[in-house]
Each structure stands twice: as C-alpha cells, then as structure tokens.
Amino acid sequence: MKWKRLAVLASAAGLFFCCGRSDDRNTFADLPVAYTIQLKETVLGVQTVADSMDVPWEINWGFDQRIWTTEQGGTVSAIDPVTGIKKQLLSIPDVWRKRSTGLLGMALHPDMKSMPYVVLNYTRLQDSVPVSRLVRYEYKDDTLVNEKILLEIPGNTGHNGSRVLISKEGKVIWATGDIAKGENAQNLKSLNGKILRLNLDGSIPADNPDPGSYVYAWGFRNIQGLAFNDEGILYASEHGDVTDDEVNLIRPASNYGWPLISGKINTNQEDSISRKISIEFPLKAWTPTIAPAGIVYYNGQIPEWKHSLLLTTLKAQSLHVLKLSDDGQLILSDSIYLGSVFGRFRAICTSPNGDIYLSTSNRDWNPPNGFPLKEDDRILRIFPLTKGEIKKYRPFIVQNTQLSIERQQHPGQVIYQQYCASCHKENGKGIDGSFPALAGSQKVTGNAVDLIRLVWNGTGTEPQMPAFNFLQEDELAKVLSYIRASWGNETHDITAGAVRNAVKKK
Ligand code: HEC
C-alpha cells in the first residue's frame, strides 16, 4: 500500500523512481521507467528518450530508425531513441514564431531511399504579415538541402494549423487553419480552413476533386492532427470553438461544416442548415473541449490498443485511445491515459515494432500550471513491459492509471448508423413528410412485438421502408433496443429471444 502511494506520488510529479539514470545508453533497458500503465492484460512502461527540447511540434519515425522532429523555433533534428544522440539536420533562419506560428508540420516521403523528400510547413513574415509556407527539402549526407517552395498562404498567430502528410502514392496532404476567419473555411477560393492535396513539385494533381484547385476537403477551423490508417483512410483531429473538438474521417470533395455547424447537430439552426447543404459529421466530438493534437493509427504489439486511433491532447494533457470499428468508419470507444502527468502533448508517432512515441508541448505559448519542468520538452516512449520488467517494477505499477473509460457506444448505435440513419437521421428526427421521427414515436416505445414485425417486414406500401429480415436476430434486437433507449424514448430493451419469437414462421 505504502509502495503504491509512493509510486503514485512519484509518477504524478513525473519523477523517475527506479534504477538511476545512466548516461551511457546502449539499450532501452538502460533507461529508467518513469511511469506505468496497467491495461487489461498488458502493462506498459513510459520512458523519456529525449529531453530539454523546445516544443517538438512534429515527430516522425524515420527510415533510419531515428525519430525526426521539428522544434517550433525552426530546427529539424533526428534523434536516436536508444542512445539519445541528437543530430541537427536543418535550421531555418526566417521562421517567425509567435503563439501558434513557427516551424510546425513535417512529413517524410514513405519511400525515402528512392525519393528522399521531406516536406515542412513554417510561418515567416512578409512585409510584416505572417505567411504560412509549405516547402520541400532533399535529404542528403545527413542534412536537408535544396529548399523548394511548394505553396504559400496567409498565416496567423491563432487557428494556424497545420499538419502535413505524404501519402503512399506520393501526394502531399496539407491541413490548413482558417486563420480565425471562419468564412474562409466555406470559401473554395481561399486555401485556409482546408485540406489541400499537392504533387511533390507543388503542382495540382490531375485527380484532385477539382483539377484546377488544391482543395481536397473544406469546412475546417483548425486541424492539429492528420493520419492515414493502413488502408489509406484519412483521419483528422480538429480544435472546435468553445464546444465540439472533433475527429473526422476525411473524404474528398466533402464539407465538414465549420463555421456553419460545430460537431454533431445540437441546435435547430444546425439542423435546418444540415438539410440544405451536404455536411460530413465527425466520428466523435468533445464538449467540454480537450484541445486534440497529434493523431496516429495504431495496429501494433499492444493487443488492447490494436486497430485504434491514438490522439494526444494539449488542454486535457492526455492520450486518448479511440477504438475503431472493423471498417474504420466509426469510433467505438474512447479511453484516456496519462492525464496531467507529463503536461501537454503535441505530437505522436509509432515505430514499426509497435512502440509509441509522444512529444510534450510545455514550452509553447500556453503552458499549464506547474510546467514546464526542467526536463521539458521531452519525447516519451510507451512500450509493453516484459514479464521480468513487470516483476522488477511491480511495487511501482500504478493500478488504475486509466483515468476514465467512456461508456462504450450502445452496440445498436453502430447498426443504426449503418442501416437506419440514412432515412431516420442520426438524431432520430427523420425528415418531415418523408421519414417519420423515431424520437417520441409511439410505435418505437409501444408494443415490442409490433415494432419487431414492422421493422422485420418493412412497409410494402408508400411511404416505403425496406424489410430488415436480413439482419441477425441479435442485430435487430440491438438496433431496436437502441432506438428505444435514445432521444428521450427510455423504453426497456428488446432481446434476441423476443425477436425470434415475434418473427417465428408459422
Ligand atoms: C429507406 C429509408 C428507411 C430506412 C433505411 C429505414 N426506415 Fe424506418 N421508416 C421509413 C419510412 C418511409 C417509414 C414510414 C412507413 C409508413 O408510415 O408506412 C418508416 C417507419 C419506421 C418506424 C415507425 C415509426 C412511426 O412512428 O411511424 C420505425 C420504428 C422504423 N421505421 C424503424 C427503422 C429502423 C430500426 C431502421 C433501421 C434498421 C429503419 N427504420 C430504416 C423509412 C426507412
């Protein structure tokens, strides 16, 4: 008990509590474990692999087994996480840093051996006005050379974005902020508040949604994280205004709603707008806000976290594990770790063996109480402890470091979104004159057998609803339980047995 308390104290203060620090690092085992996380089965350790940095705004796992990082003041370095040796590859003299500006996003070409290109985004002043510049460098003799300007757009000290990626097919994806002018996000002529898609030479790809425009998707406020999953689905995390931080699944030629709609539909005004223009809704929205930042798709060696998005947060100072549905189209649950232990988190990447690296952001313009610590900013490594290490650290393992698991999404909600929401809408309000509202419907809250038969058989006559007799009994039970439990309906569940009885062939 006493040990456990000590461990909590030590880890809450971000102190090392084991094994003294070694200056000669040849393996990760030479580094102390600063914190532990108990999952269902796996126990994770957290180590500091780099410290005394100045806001590592982006971190990428390099083809050379080093972590490539931008620091906001204007440098690019590569760090060997095992030895801690840091090599500066580039310093950009005209970076302008104030609040949210500076050297920000970075992407390495997925095939650096034959295409040694690195794309960076930084802010500079042009006639005293901030400009956000996207550039390409070549990697040669362990430095970055031959700056080529790909694109320049207006910048700002707030809502400035931005992240960059290079896709497998070699296209540059650049997420830009609305620079605190919401109207930019809906204006297709402005390149702010957008996700842009470029060729590596800065030209517009012929297969862009509009071959005359860089715009790939629009309606964004301030994207802070971008990631592809293994299948090439693109996800983005975004800062909302006073409400509704978001994670979105990005589809080409789609409008994500800002500033007309924040998050999902919560007001009558948003509801009426959503009927007039086609808007993509977030996979998940957070109110109160958490200030989401870097995001990465994870399918590595930690079984509990497989097939999820890992999301870092600034304001909430935490790591969110967002479990995805099999097809990657939905977020099923949200678990939160590392809250308020290491301060703000900015960037995240994974190594091919499934270790996770996070960077802190405690030397930015908005440090939380008690930060920065002397060792800030740092890059942390999260990895599964071996049986031997668990034994060694057992007295220190902090039980319950998982701060909260949000209630899992209702199992029927997924089915509802797949089969019913297209007509009856996510909010259960349907469409006047076409599809009846399920919220407040007596047919939903009334006799269970009638309800089961209605949805199982559909309605043959106009207005038509298809028959859902192709669903499994338990699937129908789940979706009907969901509509009976949602939007104020508050009626008891329907079991798979009840479905079976109600639709039994005579
Ligand atoms: C293609 C559009 C469409 C889809 C998809 C659809 N419905 Fe319907 N639904 C309708 C229409 C149209 C009606 C009205 C039928 C009528 O009045 O004869 C209806 C009526 C209903 C009603 C009766 C509501 C009332 O108060 O009259 C319920 C309950 C219902 N649907 C549930 C579901 C469920 C559950 C799903 C998904 C498994 C679903 N619907 C999918 C079109 C759809």
Side-chain angles (χ1 to χ4, degrees), residues 248-249 251 254-255 257 261 263-268 270-285 323-333 407-506:
N248 282 295
L249 189 159
R251 301 175 208 279
S254 299
N255 182 356
I261 295 184
K264 301 189 178 181
I265 294 177
N266 314 106
T267 64
N268 288 341
E270 290 183 338
D271 186 57
S272 84
I273 291 167
S274 77
R275 287 159 197 259
K276 284 184 213 125
I277 52 175
S278 173
I279 302 242
E280 290 288 327
F281 293 101
L283 297 188
K284 190 163 173 63
K323 270 272 177 193
L324 292 168
S325 59
D326 287 347
D327 61 5
Q329 306 278 322
L330 293 170
I331 289 173
L332 301 180
S333 67
R407 201 161 60 93
Q408 288 251 332
Q409 207 168 16
H410 191 292
Q413 185 172 0
V414 179
I415 303 168
Y416 183 82
Q417 279 164 350
Q418 278 171 342
Y419 294 112
C420 321
S422 57
C423 295
H424 294 292
K425 301 295 140 193
E426 196 158 15
N427 59 10
K429 287 192 182 155
I431 292 187
D432 259 358
S434 304
F435 307 114
L438 300 185
S441 157
Q442 306 245 316
K443 290 201 178 151
V444 174
T445 53
N447 182 290
V449 174
D450 291 346
L451 174 64
I452 294 165
R453 288 187 181 148
L454 168 70
V455 177
W456 179 266
N457 294 323
T459 55
T461 52
E462 290 295 322
Q464 251 199 9
M465 171 162 85
F468 287 95
N469 53 13
F470 59 88
L471 290 177
Q472 305 287 323
E473 287 155 358
D474 69 314
E475 287 177 326
L476 189 58
K478 280 181 195 154
V479 74
L480 293 180
S481 298
Y482 172 69
I483 63 173
R484 277 158 78 93
S486 302
W487 318 300
N489 285 349
E490 290 180 28
T491 312
H492 63 81
D493 283 359
I494 286 178
T495 62
V499 171
R500 197 171 313 125
N501 288 334
V503 301
K504 216 185 267 169
K505 311 228 162 54
K506 299 220 171 73

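First listed ligand is number 1; within each ligand, the first listed atom is number 1.
Contact annotation: the side chain of Met465 approaches that of Leu454 to within less than 4.5 Å [non-hydrogen atoms, C-beta and beyond]. Using a 4.5 Å heavy-atom cutoff, the side chains of Ile431 and Lys425 are in contact. Looking at heavy atoms from C-beta onward, Tyr419 lies in side-chain contact with Leu471 at the 4.5 angstrom threshold. Using a 4.5 Å heavy-atom cutoff, the side chains of Asn427 and Glu270 are not in contact. At a threshold of 4.5 Å between non-hydrogen side-chain atoms, the residues Leu249 and Gln329 count as touching. A heavy-atom distance below 4.5 Å is found between the side chains of Val455 and Leu476. Between Asn457 and Asn469, every side-chain heavy-atom pair lies at or beyond the 4.5 Å cut-off.
Close contacts of ligand 1 with Thr459, meaning ligand atoms under 4.0 Å from a residue heavy atom, involve 15 (C), 18 (O). Proximity to Phe435 (heavy-atom distance under 4.0 Å) selects the following atoms of ligand 1: 2 (C), 12 (C), 42 (C). Atoms of ligand 1 found under 4.0 Å from any heavy atom of Leu451 (numbered from 1 in listed order, with element): 29 (C). For ligand 1 and Cys423, the ligand atoms under 4.0 Å from any heavy atom of the residue are 1 (C), 2 (C), 3 (C), 4 (C), 5 (C), 43 (C). Close contacts of ligand 1 with Val444, meaning ligand atoms under 4.0 Å from a residue heavy atom, involve 29 (C). For ligand 1, the atoms sitting less than 4.0 Å from at least one non-hydrogen atom of Tyr419 are 5 (C), 37 (C), 41 (C), numbered in the order shown with element in parentheses. Interface atoms of ligand 1 facing Pro466, defined by a heavy-atom separation under 4.0 Å, are 1 (C), 3 (C). The distance from ligand 1 to the heavy atoms of Ser441 drops below 4.0 Å at these ligand atoms: 24 (C), 25 (C), 26 (O).
Counting only distance, with no hydrogens or angles, the side chain of Ser325 and the backbone of Leu330 share a donor-acceptor pair below 3.5 Å.
Of all protein heavy atoms, the one closest to atom 27 (O) of ligand 1 is Lys443 CD, 3.6 Å. Distance from atom 32 (C) of ligand 1 to its nearest protein heavy atom, with residue and atom name: Val455 CG2, 3.7 Å. Protein heavy atom nearest atom 16 (C) of ligand 1, with residue, atom name and distance: Pro463 O, 3.7 Å. With hydrogens left out, the protein atom closest to atom 38 (C) of ligand 1 is Cys420 SG, 2.6 Å, a heavy atom. In terms of protein heavy-atom proximity, atom 12 (C) of ligand 1 is closest to Gln464 O, 3.2 Å. Atom 28 (C) of ligand 1 has Leu438 CD2, 3.5 Å as its closest protein atom, hydrogens excluded (heavy atom only).
Distance CG/Asn501 to CD1/Ile452: 8.5 Å, rounded to 0.5 Å. Here the straight-line distance linking atom CD1 of Ile331 with atom NZ of Lys284 works out to 7.0 Å at 0.5 Å rounding. Atom CD in Gln442 sits 10.5 Å away from atom CG in Asn489 (nearest 0.5 Å).
Ser434 counts as a contact of ligand 1, since one of its heavy atoms falls under 4.0 Å from the ligand.
Residue contacts with ligand 1 for Ile415 are absent, since no atom lies close enough (heavy atoms, distance under 4.0 Å). When heavy-atom distances to ligand 1 are checked against a 4.0 Å cut-off, Pro436 comes that close only through its side chain, counted from C-beta outward. Contact annotation: for Leu454 versus ligand 1, heavy atoms closer than 4.0 Å belong to the side chain alone.
Below 30°, between 30° and 60°, or above 60°: for Tyr416 and Tyr482 the angle between ring planes is between 30° and 60°, a tilted geometry.
Counting backbone and side-chain atoms alike, Met465 contributes an N/O/S atom closer than 2.8 Å to atom 8 (Fe) of ligand 1.
Among Gln417, Glu475, His424, the residue whose heavy atom sits closest to atom 19 (C) of ligand 1 is His424.
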